[in-house]
Amino acid sequence: MKRTKIIIIGGLSAGPSAAAKARRTNENAEIILFEKTKHISYATCGIPYAMSGKIKTRDKLMVVQPELLKKRFGVDLHLNEPVIDIDPNAQLVYTSNGSYSYDKLVLATGGNAFLPPIKNIQNYQNWAFAKTIEDFDKIMKNGVIDKAQHITIVGAGLIGLETAENLVHAGKKVTIVEYADQVLGNWDKKFAQIALHELTKNGVEVKLNTTVKEIDTSVQELILTNGERFYTDYMLVGISVKPNTEMLIAKGAEHLQNGALIVNERMETSLPNIYAAGDCASIPNLLTGESSWYPMGTHSNKAGRVAGANAAGGNETFEGAYGTAIMKLFDYTIARTGMGIKELERKQINYKSSMIIAGTTPGFYPDPKDLFLEIYFDADSGVILGAEMIGEKGVDKRVDVLATAIYAKLTISDLPRLDLAYAPPYSPAKDPVVVAGYVAENSLKQKYQEVNVTKAAELIHTNKDLILLDVRNVAELHKNGALDNAVNIPLDELRNRLEELDPNKSILVYCAKGLRGYLSSLILAHNGFNNIYNLAGGFTAWKNMTNK
């Protein structure tokens, strides 16, 4: 009986997952794995935490040792042997050592770190990418953690901000340079604004709307596109990755605009007998049905597992994903799942949102913390499309609940019906996810509109006759401030002072966090006012989620 010959290219995440699953599926298959470096299966996401010493030793980053893959799974492992070409017609793989035939091929080549055009960088020694174990080794070899006082990070995405936090913990002065007008470009700007506050509060200098264009190597200064220049001891580049797929694209493989290979649910590419998994491949978007690119370790392992099984004769599928992500940032955690506002508006999807600020534990429990949460749902069906959130406690729990709700195609009205766990150390009796559902239902049923801070700012800017109604107590105004030109009528006095307001004008109501604004909106609606808006999250959201 002829043995199936499987070649896997790439040994970081998807590749070893594919190899192990291929062996579990087919004991008799011949499995060869090529890796261009001497390392396999290490935790790239742990590298920032190794810089700060949170992860004590480099060895902790090494998830699987090469000998385990060889002995336990019978994989013919070729380290330090990069693949230089692939011939899909002849079903051959070429390395510097010769050619190798295959029956099935799994491409798990990941992505290459992206370097923007920076003049003189070829003559500059004090920089590195912030992606691979080789990058980490270079940083440690150069004594950056021991010697450098000021480090500049190019890029304010997940990797950039995680690296920034850990360098601060390591005692470094950190500057972040970001070309966009916000940090964390995948999040809506109001959530990114809280993240920006947290960075600056912890001493990180953030320069937005600019990037590094040149290095003056004579004085170790970075020159930005806005003309600014400053000295730094070391520069880390953590912008993004570009899928490493040129060998198959040159042979006609279908791909996304960024080079990620298009695959089906079985992880098959458009070329016969070739699978792809990990950062080099797209995966189906469960919400839109399109091929999307999610360079995350969770998906790499799942996709590699499916590719390996099918290459070995199995019949497994990976239906896809929808962009769930989470990150620790000093005292805060920021997370998202599904589609955010940017994607919803780009795709012209008719959506509504429910924005709340809610306690993650009961008010009577010590050390209360707020969760800023916005859920996006289909305006007609109510089906949940996405969510974004940030807070100091309990973010991980809520994002996973909502990620599960998206997979199950639950509606906003289903959320109050979920039987979520309750005990004072973990949650209030009405969990924030439940509250978000109630708020959305109330807004849909009553004669007022719930608006987030972005929509409120648009209303204030475009409607010059808009009445701003602050229903907090006077002491709160003195302590916390208020919106310019707002009329203050505390909630408990509102019914007796309605004659002070013009029912023919639009009214934007706000309180501290939203609840009193909601109650005030109902009072107005029951008394003949028609154009009523309640500021979701109240003045707390306005103060924390805008730069006004």
Side-chain angles (χ1 to χ4, degrees), residues 4-19 22 29-41 44 69 75-115 129 131-135 240-264 266-283 291-295 299-301 303-308 310-312 318:
T4 300
K5 189 173 183 181
I6 302 168
I7 287 182
I8 299 167
I9 306 174
L12 179 53
S13 175
S17 292
E30 180 182 357
I31 304 171
I32 306 173
L33 190 150
F34 292 99
E35 166 54 41
K36 64 182 179 181
T37 72
K38 64 181 179 180
H39 303 110
I40 67 161
S41 195
T44 55
L69 209 57
V75 175
D76 183 5
L77 189 59
H78 292 236
L79 298 177
N80 292 309
E81 189 173 346
V83 171
I84 56 178
D85 199 11
I86 301 169
D87 184 343
N89 293 321
Q91 298 198 173
L92 291 172
V93 162
Y94 295 91
T95 75
S96 57
N97 293 340
S99 62
Y100 302 81
S101 64
Y102 66 84
D103 297 311
K104 303 290 182 180
L105 176 68
V106 178
L107 193 80
T109 47
N112 296 319
F114 175 73
L115 179 65
F129 289 115
K131 181 180 184 295
T132 67
I133 197 69
E134 289 79 17
D135 298 330
S240 184
V241 296
K242 184 181 185 303
N244 186 11
T245 54
E246 291 82 0
M247 286 186 293
L248 287 187
I249 289 176
K251 306 302 189 300
E254 294 181 6
H255 59 279
L256 301 180
Q257 188 172 359
N258 73 339
L261 298 176
I262 294 175
V263 296
N264 60 20
R266 301 184 77 251
M267 307 312 296
E268 295 170 318
T269 70
S270 60
L271 300 176
N273 299 314
I274 298 181
Y275 303 80
D279 291 0
C280 67
S282 68
I283 54 177
S291 293
S292 297
W293 186 59
Y294 300 116
H299 309 319
S300 292
N301 281 285
R305 185 178 187 276
V306 169
N310 293 333
F318 178 28

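Quick caveat, the model's predicted, so the values are computed rather than measured. Numbering of residues begins at 1 and proceeds along the displayed sequence.
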Practice prompt. Evaluate whether atom NZ of Lys5 has more than 12 neighbouring non-hydrogen atoms of other residues, nucleotides or ligands under 6.0 angstrom away.
Written response: yes
Discussion item. Show me the pairs that pass side-chain hydrogen bond (donor to acceptor under 3.5 Å, both in side chains) and involve residues 246-262, at least two apart or across chains.
Written reply: Asp85-Lys251
Worksheet item: To the nearest 0.5 Å, how far apart are OG1 in Thr109 and CG in Asp279?
Response: 9.0 Å
Discussion item. When you compare the side chain of Phe114 with that of Lys131, does any pair of heavy atoms fall below 4.5 Å?
Written reply: no
Worksheet entry | Minimum heavy-atom distance Ala307-Ala277, with the two atoms named | CB-CB, 4.3 Å
Worksheet item: Which class fits the ring pair His78 and Phe34: parallel under 30°, tilted 30 to 60°, perpendicular over 60°?
Response: tilted
Worksheet entry | Gap separating the CG atom of Asp87 from the CG atom of Leu105, nearest 0.5 angstrom | 11.5 Å
Worksheet item: Side-chain contact, heavy-atom cut-off 4.5 Å: Leu256 with Ile262?
Response: yes
Worksheet entry | Side-chain H-bond candidate by donor/acceptor type, Tyr100 with Glu81, under 3.5 Å | yes
Worksheet item: Please walk me through it: do Ile274 and Lys104 pass side-chain contact (heavy atoms from CB on, under 4.5 Å)?
Response: CA-CA 6 Å; Ile274 298 181; Lys104 303 290 182 180; over 6 Å; no
Worksheet entry | Ile8 vs Ile32, side-chain contact (heavy atoms from CB on, under 4.5 Å): CA-CA, chis, key distance, verdict | CA-CA 6 Å; Ile8 299 167; Ile32 306 173; over 6 Å; no
Worksheet, complete the sentence: CG of Leu261 to CH2 of Trp293, rounded to nearest 0.5 Å, is 12.0 Å
Worksheet, complete the sentence: On a heavy-atom basis, the closest approach of Ala303 and Met267 is CB-CE, 3.5 Å
Fill in: Distance (rounded to the nearest 0.5 Å) between Ile40 CD1 and Leu33 CG
7.0 Å
Worksheet entry | Between SG on residue Cys280 and CG on residue Leu12, distance to nearest 0.5 Å | 11.0 Å
Item to complete: Heavy atoms only: give me the nearest Leu271-Gly252 pair and the separation to one decimal.
Response: CD2-C, 4.4 Å
Discussion item. Quiz question: by atom type and distance under 3.5 Å, do the side chains of Gln91 and Asn273 form a donor-acceptor pair?
Written reply: yes
Discussion item. A side-chain contact here means heavy atoms from C-beta on lying under 4.5 Å apart; do Ile7 and Ile31 qualify?
Written reply: no
Response to the item:
Rounded to the nearest 0.5 Å, the OG atom of Ser282 sits from the NE2 atom of His299 at a distance of 12.0 Å
Worksheet item: Do Thr4 and Asp103 meet the criterion of a side-chain donor-acceptor pair at a distance under 3.5 Å?
Response: no
